[in-house]
Amino acid sequence: MAQVSNIYCRTQKTCVLPNVSKSQKPRSLPSVSFRSNLKGSFSSSWGLVLKSNDKLGTKKVRPLKVSASTATAEKPYRASEIVLQPINEISGTVKLPGSKSLSNRILLLAALSEGTTLVDNLLNSDDVHHMLVALGKLGLRVEHDSEKKRAIVEGCGGQFPVGKGEGQEIELFLGNAGTAMRPLTAAVTAAGGNSSYILDCIPRMRERPIGDLVTGLKQLGADVECTLGTNCPPVYINGKGGLPGGKVWLKSFCIMFLWFCIIG
């Protein structure tokens, strides 16, 4: 192996080269550029060459320029800050949709009262629809405008028109409307009259208990029962005799439905 030492800019560098056969012609080795940027105009590049006497020499070569660039990641976008100032005052008009529970109670109260009642902001729902249909079957005059969410009800003064004539059996289908089933059970019982009533519903509603309310009505002297013996609808009501009255022991959540009995 051949060893070469080159002193450049007062710095010694040693290179080790492989053995070269004497029969080979002098040839230039790949040049290595040593470039110095010192103060002044000094700037040079040198390369190594192998001479015919197997000795290394140097020669001046063209400077090799190498440029490199480093990719830098783009800076993340930062949105300008948004400052929300505190709100000191809000004004306007908000019209809330009606409640199916309140809508049906008001409709039934309007039906049991005297005179004509205008009910506004009714909720358009299946429960309210079943209540309106049931009131029509009970002989009441009801005008309903679904677009305006309004109904006009002519009251019966406490006794439904169908109970004033000859005895007949009235069937009221109330779908899945619990807000119609329970209040109508109490109201029809209290209204009395000559007719009998069957309040029926869809199969799912037949699984919803109403036995506590029926028990309370029986304590007040009403002829009412759950026909399937399950304490759930259908409910049979014999209007004759109405609601004589008396003392009743009832769970608290059923008291509101007996209000209709008191009104009747």
Side-chain angles (χ1 to χ4, degrees), residues 82-161 170 172-191 197 199-214 216-217 232-235 237 250-264:
I82 300 177
V83 179
L84 300 178
Q85 299 296 334
I87 299 175
N88 296 324
E89 180 182 356
I90 296 178
S91 62
T93 302
V94 178
K95 188 173 183 180
L96 298 176
S99 160
K100 67 179 182 179
S101 180
L102 291 177
S103 295
N104 277 350
R105 293 179 192 180
I106 292 172
L107 286 173
L108 192 49
L109 288 173
L112 292 171
S113 64
E114 294 181 354
T116 302
T117 303
L118 172 64
V119 183
D120 205 359
N121 197 31
L122 284 175
L123 180 67
N124 288 328
S125 68
D126 288 341
D127 282 40
V128 175
H129 168 74
H130 286 300
M131 176 64 81
L132 291 168
V133 173
L135 293 179
K137 288 187 176 181
L138 291 172
L140 296 165
R141 182 182 175 187
V142 180
E143 297 180 7
H144 179 225
D145 189 335
S146 59
E147 292 184 0
K148 295 182 178 181
K149 301 179 181 179
R150 176 180 299 172
I152 300 175
V153 182
E154 292 187 9
C156 63
Q159 187 176 18
F160 295 117
I170 308 298
L172 304 177
F173 180 77
L174 302 175
N176 194 34
T179 60
M181 175 65 72
R182 295 180 178 88
L184 278 172
T185 297
V188 169
T189 302
Y197 307 88
L199 279 63
D200 205 354
C201 52
I202 65 172
R204 179 65 183 90
M205 185 66 187
R206 288 186 175 188
E207 299 175 1
R208 298 172 64 179
I210 197 174
D212 289 323
L213 176 59
V214 171
L217 294 173
C232 300
V235 178
I237 301 169
L250 196 63
K251 292 183 179 179
S252 60
F253 70 89
C254 290
I255 291 178
M256 59 181 175
F257 301 118
L258 289 179
W259 277 67
F260 297 111
C261 301
I262 299 173
I263 294 172

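Throughout, residue positions are numbered sequentially from 1 according to the sequence presented. Note that this is a predicted model, so its numbers are computed, not measured.
Within the 4.5 Å cutoff, side-chain heavy atoms of Leu138 are placed close to those of Leu184. In this structure, the side chains of Leu174 and Met131 stay at 4.5 Å or more apart for every pair of heavy atoms. Taking 4.5 Å as the limit, some side-chain heavy atom of Leu140 sits within range of a side-chain heavy atom of Pro161. Looking at heavy atoms from C-beta onward, Arg206 lies in side-chain contact with Cys201 at the 4.5 angstrom threshold.
Smallest separation of non-hydrogen atoms from Leu172 and Lys137: CD2-CB, 3.8 Å. In plain terms, the two heavy atoms of Arg150 and Leu122 that are nearest each other are C-CD1, 4.3 Å. Considering all non-hydrogen atoms of both residues, Leu112 and Ala187 come closest at CD1-CB, 4.2 Å. Scanning all heavy atoms of the two residues, the minimum distance from Asn104 to Val128 falls at OD1-CA, 3.3 Å.
Residues passing the side chain to side chain contact (heavy atoms under 4.5 Å, CB included) test with Asn88: none are found, sequence neighbours excluded. Evaluation of the side chain to side chain contact (heavy atoms under 4.5 Å, CB included) rule for Leu96 yields Val94 as partners, not counting sequence neighbours. For Thr185, the side chain to side chain contact (heavy atoms under 4.5 Å, CB included) partners two or more places apart in sequence, or in a different chain, are Met181, Leu199, Ile210, Leu213, Leu217, Val235, Ile237. Remark: Arg141 engages Glu143, Glu154 in a side chain to side chain contact (heavy atoms under 4.5 Å, CB included) (not counting sequence neighbours).
A side-chain hydrogen bond (donor to acceptor under 3.5 Å, both in side chains) check over residues 107-131, counting only residues at least two apart or in different chains, returns the pairs Asp127-Thr179. Residue pairs satisfying the salt bridge (Lys or Arg N to Asp or Glu O under 4.0 Å) criterion with at least one member in residues 85-98, sequence neighbours excluded, are absent.
From Ser99, atom OG reaches atom CZ of Arg105 across 7.5 Å, with rounding to the nearest 0.5 Å.
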